Amino acid sequence: MHNLYVPPYKILLFIVLFGIGYGSASFLKDYENTNPTPKQELPKTDFSFNFDFKFDFNFSQPEVDEEIQKPNKTWSEITIQTNGSDRKYGNLVGIQLVLKPEDYVKEEWWKERIEETLAKAKSSGIFDRKTIVIFPEHIGSGLVFLNEKSKFLNSDTFAEALKTKGENFTFSDLIYAKSELMAEVYVRTFSSLAKDYNVPILGGTIVLPNPKIVKGNLVLDQKGPLYNVAIPFSADGKLMEPMVKKIILSEEEQKLYSAGEINQDRIWIVPGWKVAIFIGQDVFEASLYSRLTGKPVDGLISPAAVFPDMKWSGLDLTDVNVWKREGMAKYIKSTRAQDLVQVFLSGHLFENHWNGKTFNLRDFTFEDQVISVENPTILNLYF
């Protein structure tokens, strides 16, 4: 039989400890009921997804400003029209070209467009020692497109093309920026062609900053105003006087360049010839003819150009009959000249079409005019 005896002090200690534990638990329970412990919220992980994706499937590359390819000709032949017969007194040869900005991008491309007409005229036997060749107004101004690339040339309008240079970039800015190069190419080309074909050439016109001929060289003033000038070349390729500045300007032209002086010399003297030079609308100014009264003048010549909706003093200059009725033919008898030729530029300038028609008049009476403005045409007038 086991001994189950427990000492009295151990029984007392157990009772005390049990009482302390029970009392502590009761106290904590009552405290919690009167002072509840705030619940701690655990952060919830957001497992939602935004499926509103936007995909850009535009794989086109940014526009690259590239060199352009040499433009193709839009015509198959060069036409020659002749007014009169060769009496060995000489002839005036007006050459109407068909050009677009791309033709000016390279110096050699532009020269080729001009030279093919001269080669045609020479092979046809119409050049001799008393021939004068006249090219149209602004044939040189187009050299402002030298070295341009695809971004500029592929623009839908000329205004948009200028904006590829800068938001506020103007036509004047472009001319000033390229004027030295333009003048260099212009002189080199016409000097070479006049010498190669042994004929004096009026190189149409070109817009440049205050140009002058100094000791046989074309000199520019970059701080001077722009002028539209006609420059003659001798048969040996030298620059000749007078360099004529356009006087009568349309409203659009007045925004771009200045007018020349009305009393400037305009009689160009070549072997066997004296001809007076008028640029575009200058042919409508009566006072210019009165200054020729009594002077030995054999012919009147005029490089010209017509732009869409071009008007001057209430006249619609897109009508070729206006030029015939109100221009040189109206005043020629007040001079000693008997023959005249007015040579127009044809082609496209971005959204605009130049469509003037070259014409001539022999012995006050016999008239000839180009048939088409889509093909280069050589209009030959014999004295």
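Because the structure is predicted, anything quoted here is derived from the model rather than measured. Count residues from 1 along the sequence.
Residue Q254 qualifies as enclosed at atom CD: its count of foreign heavy atoms under 6.0 Å is above 12. Around atom CZ of F364, more than 12 heavy atoms belonging to other residues, nucleotides or ligands sit under 6.0 Å away. For K178, the NZ atom counts as densely surrounded, since its 6.0 Å shell holds more than 12 non-hydrogen atoms of other residues, nucleotides or ligands. By the 6.0 Å contact criterion, NZ on K311 is enclosed, its count of non-hydrogen atoms from other residues, nucleotides or ligands being greater than 12. For D236, the CG atom counts as densely surrounded, since its 6.0 Å shell holds more than 12 non-hydrogen atoms of other residues, nucleotides or ligands. Around CG of N321, the count of heavy atoms belonging to other residues, nucleotides or ligands within 6.0 Å exceeds 12. By the 6.0 Å contact criterion, CZ on R188 is enclosed, its count of non-hydrogen atoms from other residues, nucleotides or ligands being greater than 12. No more than 12 heavy atoms of other residues, nucleotides or ligands shown are found within 6.0 angstrom of CD1 on I371.
Atom CG of residue L239 and atom CD1 of residue I213 lie 5.0 Å apart, to the nearest 0.5 angstrom. A distance of 5.0 Å separates CD1 in I68 from CG in L153, rounded to the nearest 0.5 Å. Atom CD of E137 sits about 8.5 Å away from atom CG of D282, to the nearest 0.5 Å. Separation of atoms NZ (K149) and OG1 (T164) is listed at 12.0 Å; rounding is to 0.5 Å. Here the CD1-OG distance, from I262 to S287, works out to 3.5 Å after rounding to the nearest 0.5 Å. Here CG of L162 is found 10.0 Å from OG of S172. Values are rounded to the nearest 0.5 Å.
Of the possible polar contacts, none joining the S155 side chain to the T157 backbone as a donor-acceptor pair under 3.5 Å is found. Looking only at distances, a side-chain donor or acceptor of E253 sits under 3.5 Å from a matching main-chain atom of S250. Put simply, the side chain of D173 gets close to the backbone of T170: a donor and an acceptor are under 3.5 Å apart. In this structure, the side chain of E241 engages the main chain of M243 through a donor-acceptor pair within 3.5 Å. Of the possible polar contacts, none joining the S124 side chain to the I126 backbone as a donor-acceptor pair under 3.5 Å is found. Panel note: side chain Y331, backbone L288; no donor-acceptor pair is recorded below 3.5 Å. With S192 contributing its side chain and T189 its backbone, the two residues share no donor-acceptor pair below 3.5 Å. In this structure, D128 contributes its side chain and K130 its backbone to a donor-acceptor pair below 3.5 Å. Within the 3.5 Å criterion, the main-chain N or O of V207 finds a donor-acceptor partner in the side chain of S141. Between the side chain of Q81 and the main chain of Q369, a donor-acceptor pair closer than 3.5 Å is present.
No path of Ile, Leu, Val, Met, Phe, Trp and Tyr side chains, each step under 4.5 Å between heavy atoms, connects L97 with V370, placing them in separate hydrophobic clusters. One hydrophobic cluster holds both F158 and L146 under the rule that ILVMFWY side chains link at heavy-atom gaps under 4.5 Å. Connection of V133 to I269 is established within a shared hydrophobic cluster, with ILVMFWY side chains joined at heavy-atom distances below 4.5 Å, either directly or through further cluster members. Clustering ILVMFWY residues whenever any of their side-chain heavy atoms sit less than 4.5 angstrom apart, transitively, puts I80 in a cluster other than the one holding F366. Hydrophobic clustering, with ILVMFWY side chains joined whenever heavy atoms are under 4.5 angstrom apart, keeps V219 apart from F233.
Smallest separation of non-hydrogen atoms from L361 and L381: O-CD1, 3.5 Å. Closest heavy-atom contact between R362 and D339: CA-OD1, 3.1 Å. When every heavy atom of P303 is checked against every heavy atom of G204, the shortest pair comes out as CB-CA, 4.1 Å. For the residue pair A259 and L249, the shortest heavy atom distance occurs at N-CD1, 3.7 Å. Closest approach of P232 to I277, counting heavy atoms only: CG-CD1, 4.3 Å.
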Run the side-chain donor-acceptor check on residues 98-106: report pairs under 3.5 Å with partners two or more places apart or on a different chain.
unit_1 : atom_1 : unit_2 : atom_2 : d
D103   : OD1    : R113   : NE     : 3.1
D103   : OD1    : R113   : NH2    : 3.4
D103   : OD2    : K100   : N      : 3.0
Y104   : OH     : I139   : O      : 2.9
K106   : NZ     : E67    : OE1    : 3.4

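For the pair L379/Q96, no side-chain contact is recorded, criterion being any heavy-atom separation below 4.5 Å from C-beta on. L220 places a side-chain heavy atom less than 4.5 Å from the side chain of E180. By the 4.5 Å heavy-atom criterion applied to side chains, V341 and V93 are not counted as neighbours. For the pair W268/P242, a side-chain contact is recorded, criterion being any heavy-atom separation below 4.5 Å from C-beta on. At least one side-chain heavy atom of P209 sits under 4.5 Å from a side-chain heavy atom of S179. Contact of the P211 side chain with the Y227 side chain is registered, since non-hydrogen atoms from C-beta on lie closer than 4.5 Å. Considering only heavy atoms from C-beta on, D298 stays 4.5 Å or farther from Q338 through its side chain. Considering only heavy atoms from C-beta on, V244 stays 4.5 Å or farther from V229 through its side chain.
Aromatic ring centres of F307 and W354 lie closer together than 6.0 Å. Here W323 and F284 bring their ring centres to under 6.0 angstrom of each other. Separation of the Y289 and F278 ring centroids falls under the 6.0 Å cut-off.
Under the side chain to side chain donor-acceptor pair (under 3.5 Å) criterion, K165 pairs with E148, sequence neighbours left out. Among residues two or more places apart in sequence or in another chain, the salt bridge (charged side-chain N to carboxylate O under 4.0 Å, His left out) test is passed with K274 by none.
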(request) Using the salt bridge (Lys or Arg N to Asp or Glu O under 4.0 Å) rule, take E115 and K120 through it: C-alpha gap first, then chi angles, then the decisive distance, then the call. (result) CA-CA 8 Å; E115 186 166 14; K120 176 73 172 183; over 6 Å; no
(message) Go through it in stages, so that I can follow the logic: the residues are I78 and I378, the test is side-chain contact (heavy atoms from CB on, under 4.5 Å), and I'd like the CA-CA distance, side-chain angles, deciding distance and then a yes or no.
(response) CA-CA 7 Å; I78 298 171; I378 298 169; 4.0 Å; yes
(message) Let's go through L143 and W110 carefully: what are the C-alpha distance in whole Å and the side-chain angles of both, what is the deciding distance for side-chain contact (heavy atoms from CB on, under 4.5 Å) to 0.1 Å, and is it a yes or a no?
(response) CA-CA 9 Å; L143 290 170; W110 180 62; 3.7 Å; yes
(request) Go through the steps to decide whether K212 and N210 satisfy the test side-chain contact (heavy atoms from CB on, under 4.5 Å), and finish with yes or no. (result) CA-CA 7 Å; K212 297 177 182 177; N210 198 22; 4.1 Å; yes
(request) Could you walk me through whether I114 and L193 pass side-chain contact (heavy atoms from CB on, under 4.5 Å), step by step? (result) CA-CA 9 Å; I114 299 171; L193 292 173; 3.6 Å; yes
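A salt bridge is defined here as a Lys NZ or Arg NE, NH1 or NH2 lying under 4.0 Å from an Asp or Glu carboxylate O, and E66 with K151 fails to meet this definition. The pair K111-E107 fails the salt-bridge criterion, with no side-chain N (NZ, NE, NH1 or NH2) lying under 4.0 Å from an Asp/Glu carboxylate O. Salt bridge annotation for K255-E252: present, with a cationic side-chain nitrogen under 4.0 angstrom from a carboxylate oxygen. Taking a cutoff of 4.0 Å between a charged side-chain nitrogen and a carboxylate oxygen, E367 and K324 qualify as a salt bridge.
Between T318 and D316, the side chains place a donor N or O and an acceptor N or O closer than 3.5 Å (distance only, hydrogens not considered).
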